[in-house]
Amino acid sequence: MLLALTAADYALWHWSIANSHDIVSLVSGLTLLPLLAATLAMLALGATRLLGFVLRRRSAHSDTGQRPAIHPVSSAPSAGPAGADERTPRRLAA
């Protein structure tokens with residue numbers, strides 16, 4: 001969408017300069033640079049995300065040719081710092 005808007009603004013700017021429409025060429029010329037910058041940033045971001053996706057996928061399938069195993073998250077409570085389970089009663093020193 002942004003790319004089409006930038007192309008349309010460029011076409012309007014080019015047409016208005018060729019046909020001596022000063023005000024239209026001024027307005028479309030002023031909006032062309034920010035639109036062009038936003039379009040280039042959007043394309044660079046999309047290319048970076050695509051490259052990251054491809055590289056991540058390629059590294060996951062690298063040696064085995066299989067997808068990495070997904071380990072389910074257990075719902076059991078985790079052990080404390082000393083390895084004591086929260087469900088077992090604690091002994092107090094007398």
Side-chain angles (χ1 to χ4, degrees):
M1 178 77 181
L2 186 61
L3 185 61
L5 187 61
T6 304
D9 191 36
Y10 175 74
L12 178 66
W13 176 71
H14 188 33
W15 171 83
S16 62
I17 286 181
N19 293 325
S20 298
H21 296 284
D22 296 332
I23 302 299
V24 176
S25 66
L26 178 66
V27 171
S28 64
L30 288 174
T31 58
L32 185 58
L33 288 178
L35 279 173
L36 186 61
T39 301
L40 291 176
M42 182 189 69
L43 290 174
L45 180 64
T48 304
R49 290 179 70 190
L50 181 65
L51 181 65
F53 176 75
V54 167
L55 290 178
R56 225 178 306 124
R57 187 170 180 192
R58 188 175 291 168
S59 68
H61 298 289
S62 62
D63 295 330
T64 62
Q66 297 177 355
R67 298 183 109 188
I70 298 174
H71 302 289
V73 177
S74 80
S75 60
S78 63
D85 193 358
E86 293 293 326
R87 292 175 284 177
T88 59
R90 295 183 183 186
R91 296 182 190 172
L92 298 177

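Given the structure is predicted, the values throughout are model-derived calculations rather than measurements.
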Does any pair with a residue in residues 26-38 pass side chain to side chain donor-acceptor pair (under 3.5 Å), and if so which ones, sequence neighbours excluded? D9-T31

Residues 39-50 side chain polar contacts: donor-acceptor under 3.5 Å, at least two apart:
| residue | atom | partner | partner atom | Å |
| --- | --- | --- | --- | --- |
| T39 | OG1 | T6 | OG1 | 2.7 |
| T39 | OG1 | L35 | O | 2.8 |
| T48 | OG1 | A44 | O | 2.8 |

With H21, which residues qualify under ring-ring contact (aromatic ring centres under 6.0 Å, His included), at least two apart? W15

Of all residues at least two apart in sequence or in a different chain, which pass the side chain to side chain donor-acceptor pair (under 3.5 Å) check with S25? none

Given a cutoff of under 4.5 Å between side-chain heavy atoms of I, L, V, M, F, W and Y, with clusters grown through shared members, what are the other residues clustered with L32? Y10, W13, I17

By the ring pair (Phe, Tyr, Trp, His ring centres under 6.0 Å) test, which pairs, at least two apart or in different chains, include something from residues 25-48? none

